Amino acid sequence: MEKKISKLLKLGENIEIEIDNGESFLKMKSSILSVINDNRISIAMPIHKGKIYPIASEKRINIVFSKENKGTFYFTAEVVNRMEKENIKILLVKKISDIKHFQRRDFFRLSIVLNMDLEIIENGSPIKTIAAISKDISGGGLRLITKEKLPKDTVVKCIMDLDNDVVEPFGKVIRCSPQADSIIKYDVGICFTAIDESIRSKIISFIFKNQRKLRKKGLI
């Protein structure tokens, strides 16, 4: 059964907005101002670095929210209009995808070695690209090794080839630990901070495909 906005969201509820600004994904706080129907809501214009972040009409955004004892949900929306009422800047948005629940299977980790590139992002712009090798991957992130130390919270674009299909999800470094007695010096954990659902689906399909291969070989 399709999940309905009116059953999950209410006035004043906190949400997160994820938006592709051309160089990286931004994740910003906002709140529900009104639930018009099961396809349209109004939300507060998000704040980024202490300032209101303007979002143009027709821009697509991801809306993410959590419900106690139910988990985290998300859907894609499109900005229909911008307005201002009583000095509050408002976005009117319409839902353009089903509301989805983060599944446990999204975070099943597949141990696999993949040569990949990491594009380092600073202030929304790429500054350099470094080589990396994956150790495992899931729908929520990946673990890799690299010769270069990456500080926690570094924003990266993960460029990888999944069976001749290149995907480029954005992520954030959540840990970076030195490896003893190794030419490749650092073990790095990446969490996908924002990811298009078509890309996540490709990653999960790739994981399941390789999982089936390993199971046939009796390796798992």
Side-chain angles (χ1 to χ4, degrees), residues 18-27 59-62 64 72 74-78 96-122 124-150 153-177 179 182-220:
E18 296 176 342
I19 182 170
D20 184 350
N21 70 354
E23 298 293 347
S24 64
F25 274 92
L26 296 179
K27 182 177 288 189
K59 183 70 175 179
R60 291 190 173 189
I61 60 177
N62 292 328
V64 183
T72 301
Y74 61 97
F75 64 91
T76 301
E78 183 179 282
I96 59 174
S97 78
D98 290 341
I99 298 174
K100 298 179 181 179
H101 184 266
F102 281 116
Q103 302 292 329
R104 290 179 62 89
R105 65 174 190 161
D106 292 356
F107 302 99
F108 172 84
R109 287 194 172 272
L110 173 72
S111 295
I112 191 167
V113 175
L114 297 171
N115 291 312
M116 56 183 296
D117 290 325
L118 284 184
E119 196 171 81
I120 311 301
I121 309 293
E122 285 189 6
S125 300
I127 60 168
K128 63 179 176 180
T129 300
I130 63 173
I133 301 173
S134 73
K135 297 184 76 172
D136 60 49
I137 184 172
S138 77
L142 71 159
R143 184 180 169 199
L144 53 86
I145 49 178
T146 180
K147 292 183 179 180
E148 186 166 335
K149 183 178 181 180
L150 297 175
D153 295 329
T154 298
V155 177
V156 296
K157 181 193 283 186
C158 307
I159 305 170
M160 47 193 166
D161 188 336
L162 306 181
D163 291 338
N164 298 316
D165 190 356
V166 176
V167 298
E168 301 181 350
F170 288 90
K172 181 174 69 173
V173 174
I174 56 174
R175 64 180 179 276
C176 182
S177 304
Q179 291 197 125
S182 174
I183 296 175
I184 302 178
K185 296 182 179 179
Y186 296 98
D187 186 309
V188 183
I190 303 288
C191 174
F192 296 142
T193 54
I195 181 171
D196 186 275
E197 286 313 304
S198 63
I199 295 177
R200 193 192 301 276
S201 294
K202 288 179 180 179
I203 293 173
I204 293 171
S205 295
F206 174 80
I207 291 170
F208 284 171
K209 179 180 178 180
N210 282 274
Q211 186 183 15
R212 286 194 294 270
K213 289 180 180 178
L214 292 172
R215 186 175 290 114
K216 286 181 179 179
K217 293 177 180 179
L219 298 177
I220 60 173

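Predicted, not measured: the structure shown is a model, and the values here were computed from it.
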Are any side-chain N or O atoms of S97 and backbone N or O atoms of T76, one a donor and one an acceptor, separated by less than 3.5 Å?
yes
Nearest 0.5 Å please: distance from the OG1 atom of T193 over to the CD1 atom of I174.
11.0 Å
OG (S177) and CD1 (I145) are apart, to the nearest 0.5 Å, by 13.0 Å
What is the distance from atom CD of E18 to atom CZ of R60, rounded to the nearest 0.5 Å?
15.0 Å
Between the CD1 atom in I204 and the CG atom in L162, the distance rounded to the nearest 0.5 Å is 11.5 Å
I need the single residue from K147, R143, K149 that forms a salt bridge (Lys or Arg N to Asp or Glu O under 4.0 Å) with D187. Which is it?
R143
By salt bridge (charged side-chain N to carboxylate O under 4.0 Å, His left out) - contacts of E78 (at least two apart):
K94
What are the two closest non-hydrogen atoms of T129 and E119, and how far apart are they?
OG1-CG, 3.9 Å
For G171 against I190, the heavy-atom pair lying closest together
CA-CG2, 4.0 Å
Nearest heavy-atom pair of A132 and T146: which atoms, and what distance?
CB-CB, 4.4 Å
Closest heavy-atom contact between I112 and S134?
O-OG, 2.8 Å
Hey, could you give me the CG/SG distance between D153 and C176, rounded to the nearest 0.5 Å?
12.0 Å
Residues at least two apart in sequence or cross-chain that pass salt bridge (charged side-chain N to carboxylate O under 4.0 Å, His left out) with K209, listed by chain then number, are D163
Quick one: salt bridge (charged side-chain N to carboxylate O under 4.0 Å, His left out) partners of D161, sequence neighbours excluded?
none
Result of checking L150, I159, T154 against L118 for side-chain contact (heavy atoms from CB on, under 4.5 Å)
L150
Partner of I203 by side-chain contact (heavy atoms from CB on, under 4.5 Å), out of L110, L142, I137:
I137
So do the side chains of P169 and M160 get within less than 4.5 Å of each other, counting heavy atoms only?
yes
Under the side chain to side chain contact (heavy atoms under 4.5 Å, CB included) criterion, do N115 and I133 qualify, and how do the steps go?
CA-CA 5 Å; N115 291 312; I133 301 173; 3.8 Å; yes
Less than 4.5 Å apart, any side-chain heavy atom of E148 and any of K128?
yes
Quick one: CD1 on I207 to NZ on K202, what's the gap to the nearest 0.5 Å?
14.5 Å
Minimum heavy-atom distance D98-F75, with the two atoms named:
O-CB, 3.6 Å
Indicate the atoms forming the closest heavy-atom contact of F192 with G139, along with that distance.
CD1-O, 3.6 Å
